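Just so it is clear, the model here is predicted, and its values are computed rather than measured. For the numbers below, each heavy atom of this structure counts, side chains included, while hydrogens, waters and symmetry mates do not.
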Amino acid sequence: MEDFWQRAKSFAEETAKKSQTLTMPNKIADLVADTAKKSKELAFEASKKADELALEASKKADELRVATLKQADQIQLQSQSLSKSISDIIPPQLSSLSIASSDPPPISDSELRKFGLTDDLRDFVGNFTSSTFQSFPFRVLDEPDATTTGTNVRKDLNEWQERHANLVLTTVKEIKKLRYELCPRVMKERKFWRIYFTLVSTHVGSYEQQCVEEVKQRAKQEEAKVDELKQTSVANTCTYDRAIRN
């Protein structure tokens with residue numbers, strides 16, 4: 001391309017030089033014709049060069065597009081392979097638990113207090129270490145471990161203890177870490193939670209008792225409603241019988 005422009009420059013200089021030396025009409029006409037011819041040649045060559053450059057640019061654009069699509073396909077394949085590897089490593093039941101635990105439902109302050117999750121309890125259990133559990137003078141019989149719930153809390157806990165344990169694991173990182181370190185490598189779930197509730201009994205006992213009393217009270221109220229319905233049913237039956245006899 002540089003050679004083409006150099007030729008055009010030389011042609012212009014040569015034409016200017018000849019025009020200064022020519023005086024005869026015929027020679028001037030020849031110069032004009034020659035100039036016009038060379039101008040056409042230069043224009044044709046310039047057009048040809050432009051077409052070649054356009055073709056080369058189009059070719060490079062196609063190559064770049066193909067390379068980009070190929071790279072995108074490779075990234076997609078790598079992403080699919082990575083997802084498959086993760087699914088092979090993490091069992092389905094744990095992966096679903098991880099998804100659920102990544103966005104847990106909000107826990108109200110009233111619920112935390114109902115199940116004994118107070119600041120005093122957090123300060124108290126925050127001092128627990130693995131040796132607190134391992135050296136605790138409390139023997140648990142070596143018996144088969146009970147099944148666990150969907151949140152891996154033992155089913156042999158009562159309803160209040162089970163909810164308390166879930167809240168502790170969710171909101172108190174020290175207990176969550178200790179349980180991970182100790183169960184089941186050092187001790188079974190049964191022993192861990194029995195030791196835990198023994199240690200915190202003075203902090204949560206009153207909350208558990210209050211909850212138990214509320215449950216009993218609701219049960220009594222339900223029984224009273226059932227008795228009332230029975231008495232109403234019996235009274236209606238007697239009234240119906242008397243109406244029939246009369």
Could you please spell out the steps behind the side chain to side chain contact (heavy atoms under 4.5 Å, CB included) verdict for Val125 and His203?
CA-CA 10 Å; Val125 301; His203 288 76; over 6 Å; no
Where do Glu111 and Arg163 land on the side chain to side chain contact (heavy atoms under 4.5 Å, CB included) test, with the steps shown first?
CA-CA 10 Å; Glu111 184 179 14; Arg163 182 55 181 161; 2.7 Å; yes
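- The backbone N or O of Asn158 sits less than 3.5 Å from a side-chain atom of Gln161, completing a donor-acceptor pair.
- For Glu63, the CD atom counts as densely surrounded, since its 6.0 Å shell holds more than 12 non-hydrogen atoms of other residues, nucleotides or ligands.
- At a threshold of 4.0 Å, the pair Glu189-Arg179 counts as salt-bridged, since one of the basic side-chain nitrogens sits closer than that to a carboxylate oxygen.
- No side-chain heavy atom of Gln210 sits less than 4.5 Å from a side-chain heavy atom of Val215.
- The structure places CD of Gln209 at 11.0 Å from CD of Glu214, a figure rounded to the nearest 0.5 Å.
- The shortest distance between side-chain heavy atoms of Leu178 and Tyr196 does not fall below 4.5 Å.
- In this structure, Ile107 is a member of the same hydrophobic cluster as Val172, with clusters built from ILVMFWY side-chain heavy atoms closer than 4.5 Å.
- Between Ala165 and Leu157, the shortest heavy-atom contact is CB-CD1, 4.3 Å.
- Within the 4.5 Å cutoff, no side-chain heavy atoms of Arg113 are placed close to those of Leu117.
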Evaluation steps, side chain to side chain contact (heavy atoms under 4.5 Å, CB included), between Tyr207 and Phe115:
CA-CA 6 Å; Tyr207 294 97; Phe115 289 94; over 6 Å; no
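- For the pair Trp160 and Gly116, the tightest heavy-atom approach, listed with the atom from each and the gap, is CZ2-N, 4.2 Å.
- Looking at every heavy atom in both residues, Thr170 comes nearest to Asn166 through OG1-O, 2.8 Å.
- If you take CD on Glu162 and CG on Leu167, they are separated by 10.5 Å, rounding to the nearest 0.5 Å.
- A distance of 4.5 Å separates CG of Leu199 from CZ of Phe136, quoted to the nearest 0.5 Å.
- For the atom pair NZ of Lys177 and CZ of Phe128, the computed distance is 15.5 Å after rounding to the nearest 0.5 Å.
- Pairs of residues two or more places apart, or lying in two chains, that qualify as side chain to side chain donor-acceptor pair (under 3.5 Å) and include a residue from residues 123-134 are Thr129-Ser131, Thr129-Thr132.
- Residues satisfying the ring pair (Phe, Tyr, Trp, His ring centres under 6.0 Å) criterion with Phe197, sequence neighbours excluded, are His164.
- For the residue pair Glu213 / Gln217, no side-chain donor-acceptor distance below 3.5 Å is found, with atom types taken as modelled.
- Side-chain contact check for Arg122 versus Thr171: some heavy-atom pair is nearer than 4.5 Å.
- Under the 4.5 Å side-chain criterion, counting only non-hydrogen atoms from C-beta, Phe133 is in contact with Met187.
- For the pair Arg185 and Tyr180, the distance from NZ or CZ to the six-membered ring centre is under 6.0 Å and the angle to the ring normal is within 45 degrees.
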Please assess Lys114 against Cys211 for the test side chain to side chain contact (heavy atoms under 4.5 Å, CB included), listing each intermediate value before the final yes or no.
CA-CA 8 Å; Lys114 177 181 178 181; Cys211 184; 4.2 Å; yes
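- Qualifying salt bridge (Lys or Arg N to Asp or Glu O under 4.0 Å) partners for Glu181, counting only residues two or more places apart in sequence or in other chains: none.
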